[in-house]
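Quick note on labels: first sequence line is chain A, next is B, and so on, each numbered from 1.
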Number of protein chains: 2
Amino acid sequence: MSNMEASSPEPRKRRGSDKPTLKQVAEAAGVSPITVSRALNTPGRVNKETRRRVTEAVEQLGYVPNLIAGSLASASSRFIAVIVPSLANAVFIEVIKGLQEAFEAKGYQILLGNTDYDLQREHQLVRTFLGWSCSGLVIAGLRHSKACQGLLETWNKPIVEMMELGKGLDLNVGLDHREAGACMARHLLDRHYRSIIYVGACMDRDYRANMRYEGHKEILAQAGLEAPIIELDRLGSLEAGAVALDMVLEQCPRTDAIHFANDDLATGALLHAQRLGLGVPQDIAIAGFNGLPLGQQVTPRLTTIQSPRETMGRLAAEQILRRLNDEPITDKQLNVAFRTLIGEST
Amino acid sequence: MSNMEASSPEPRKRRGSDKPTLKQVAEAAGVSPITVSRALNTPGRVNKETRRRVTEAVEQLGYVPNLIAGSLASASSRFIAVIVPSLANAVFIEVIKGLQEAFEAKGYQILLGNTDYDLQREHQLVRTFLGWSCSGLVIAGLRHSKACQGLLETWNKPIVEMMELGKGLDLNVGLDHREAGACMARHLLDRHYRSIIYVGACMDRDYRANMRYEGHKEILAQAGLEAPIIELDRLGSLEAGAVALDMVLEQCPRTDAIHFANDDLATGALLHAQRLGLGVPQDIAIAGFNGLPLGQQVTPRLTTIQSPRETMGRLAAEQILRRLNDEPITDKQLNVAFRTLIGEST
DNA sequence: TTGTTTGATGGTAGCGCTACCATGTTAGCG
DNA sequence: CGCTAACATGGTAGCGCTACCATCAAACAA
């Protein structure tokens with residue numbers, strides 16, 4: 001009567017947690033698993049009474065749907081990959097906020113990746129995120145490594161490249177950095193500054209700051225002026241701005257205006273000028289880029305360019321969502337407008 | 001010869017993308033799928049030559065592992081859920097940075113959720129994240145809705161509740177807000193301020209600010225002083241700080257010191273005082289909480305309390321990682337030290 | 001020799017869910 | 001009354017991967 005397998009009465013100890021599954025909910029509710037699935041995902045397609053029984057069973061068992069299994073079966077995960085070069089920069093944080101709000105409202109979950117301005121790391125992140133069957137991808141910048149570019153080209157889901165303007169892989173939401181730099185340069189010339197220096201931080205990596213410098217340089221050239229530049233080899237911060245001011249005062253004492261690559265640097269310099277007893281703008285004028293709240297609260301208020309950060313995030317999200325819902329996209333390339341904020345610092 | 005099924009020669013059009021799978025890599029490399037899996041996940045367990053053939057096939061096919069399938073099969077996802085009340089606050093951003101760096105280095109991916117200080121939303125996020133089979137959870141605060149608490153209690157993976165100190169569900173990393181508030185109150189008394197007002201923002205939601213107020217109140221009471229408080233009904237910001245200063249000047253003109261719930265408010269007030277031509281600290285002293293860089297760059301420097309934000313994130317991550325690696329945990333409750341930064345604003 | 005360990009590989013059987021098709025039931029229509 | 005459409009539900013067959021066990025050869029000890 002006993003057989004050879006008697007020593008192993010249970011089929012086999014398997015992996016997996018002991019959490020209730022859809023099947024158990026189905027049994028408890030007296031329906032088939034597929035009906036439970038429908039009751040949870042497309043309630044409209046299920047009879048009201050059945051739905052009630054299902055929700056009851058869910059509550060009673062404390063069932064939490066296994067989203068991983070669902071994603072595998074449906075080959076889509078409601079993840080949106082977001083890849084930015086830095087979290088230290090308030091600009092990206094605000095863009096992310098815009099993205100987060102727009103996507104969360106539609107039930108998408110953001111997977112956040114941070115490249116630290118390293119294209120190798122960017123490629124790695126893209127690979128990983130593709131592995132999660134993301135529904136879409138938002139990435140900062142138009143420049144990627146060749147391998148990464150190839151990976152993205154064959155990926156047939158919506159992609160937004162943001163922050164800068166240009167023709168990219170798929171969708172694009174950005175602002176014209178060259179024009180922004182030119183704009184501020186024009187303003188400084190209008191105010192009769194003639195010895196203008198540009199100060200940036202890590203511009204080999206933050207190449208968008210370099211694009212602004214190009215615009216700046218072009219305008220100065222048209223006015224027959226040189227466009228000297230100082231590059232710091234540390235990321236922008238208030239402290240770095242203070243250091244930069246010292247460098248300018250020492251190396252180019254006749255400078256009458258500094259065009260900073262961002263508000264952190266500019267505000268740091270402005271506060272440092274106060275400590276040094278320098279008048280802004282009488283002794284030296286200071287301009288920034290981004291329009292962070294900070295710059296608008298110091299005295300004198302910082303002249304800067306308001307970049308629409310949350311808006312950029314929101315627009316990027318809307319473009320992706322439009323694609324995902326098969327809605328028409330009128331313009332694959334969105335030029336987000338910026339605004340010049342004239343403070344008293346110039 | 002023909003049969004009834006002839007009209008459907010192919011088995012059936014199935015879902016799923018056309019991306020290469022592990023199986024195809026295995027065929028290309030002339031090994032079994034399981035060997036490919038091992039070659040990718042535990043290269044040490046595979047012969048060197050076999051490994052080479054596999055990597056070659058991977059490269060050639062452009063294979064990207066489907067992490068969703070892997071997670072389902074292994075019932076673990078290398079996701080870490082991180083739930084914070086707000087992304088608008090620089091404090092949480094820095095904590096997240098600390099978490100991100102520590103987890104990313106070990107190959108974990110953060111799933112970020114934002115409750116907007118809403119316990120209902122928190123519960124919803126926890127449910128969703130549990131559905132992703134996260135390996136661990138980091139959540140801000142010790143207070144959760146009852147349902148959420150229940151869900152977490154039965155979840156047998158590492159949890160860190162952070163930001164505040166106390167006995168929680170599992171692990172805890174935080175600072176003693178009551179003591180921090182007391183500390184600053186003592187400092188203000190030392191400096192002979194006697195008419196001290198506390199100013200907070202949305203303290204029903206930001207209850208940790210309230211804990212600091214409790215500490216503040218206790219110290220003042222010991223000195224026989226009242227502890228008046230003004231609560232703003234908007235979140236902390238530079239602008240809100242300016243508004244708050246106006247309120248204090250109007251409602252309690254004899255105030256000689258303001259203890260703000262955070263640096264944003266305090267710095268906003270400080271800058272506004274300058275605009276009004278008020279001397280800080282001669283006319284009014286100002287103190288904050290957090291030790292954000294901003295407050296250390298204004299003149300006078302802000303007196304504040306340095307909360308170890310990135311450290312808190314890093315420590316939280318380390319606790320989780322220790323659990324995940326079955327390393328011993330000496331203390332389930334970590335009290336992160338804070339430091340009083342005395343500026344010239346008091 | 002025989003037994004035991006180690007190293008490399010493979011086969012089987014799911015993980016928990018949803019896409020796809022099929023079925024039955026009721027309503028609507030000429 | 002037959003025919004179609006709409007609704008409600010169920011069965012089957014995977015999604016792409018890994019846990020678990022088994023196998024087989026080579027190495028080594030007794």
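Distances were taken from every side-chain heavy atom of R38(A) (C-beta onward) to each of dG16(C), dT9(D), dT18(C); the shortest belongs to dT9(D). Closest to the S37(B) side chain, of the nucleotides dT18(D), dC15(C), dG11(C), is dT18(D). Taking every side-chain heavy atom of N66(B) into account, dC17(D) is the closest of dG16(C), dC17(D), dG10(C). Side-chain atoms of A73(B) lie closest to dT18(D) of the nucleotides dT18(D), dC15(D), dC17(C). Here dC17(D) is the nucleotide among dT18(D), dC17(D), dG16(C) with the atom lying nearest to any side-chain atom of Y63(B).
Ion pairing between a basic and an acidic side chain is recognised when a charged N comes within 4.0 Å of a carboxylate O; E318(B) and R314(B) show such pairing. The pair R52(A)-E49(A) meets the salt-bridge criterion, with a side-chain N (NZ, NE, NH1 or NH2) lying under 4.0 Å from an Asp/Glu carboxylate O.
Note: L111(A) CG to S77(A) OG = 7.0 Å, rounded to the nearest 0.5 Å.
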Which pairs, protein N/O on one side and nucleotides 6-8 of chain C N/O on the other, fall under 3.5 Å?
none

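For F79(A) and W132(B), the ring centers are positioned less than 6.0 Å apart.
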All N/O donor-acceptor pairs, side-chain side in residues 38-45 of chain B, below 3.5 Å, sequence neighbours left out:
| from | atom 1 | to | atom 2 | distance (Å) |
| --- | --- | --- | --- | --- |
| N41(B) | ND2 | S37(B) | O | 3.1 |
| N41(B) | ND2 | S37(B) | OG | 3.4 |
| T42(B) | OG1 | R38(B) | O | 3.4 |

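Using a 4.0 Å cut-off, no side-chain N or O of S74(B) falls inside it from OP1 or OP2 of dT18(D).
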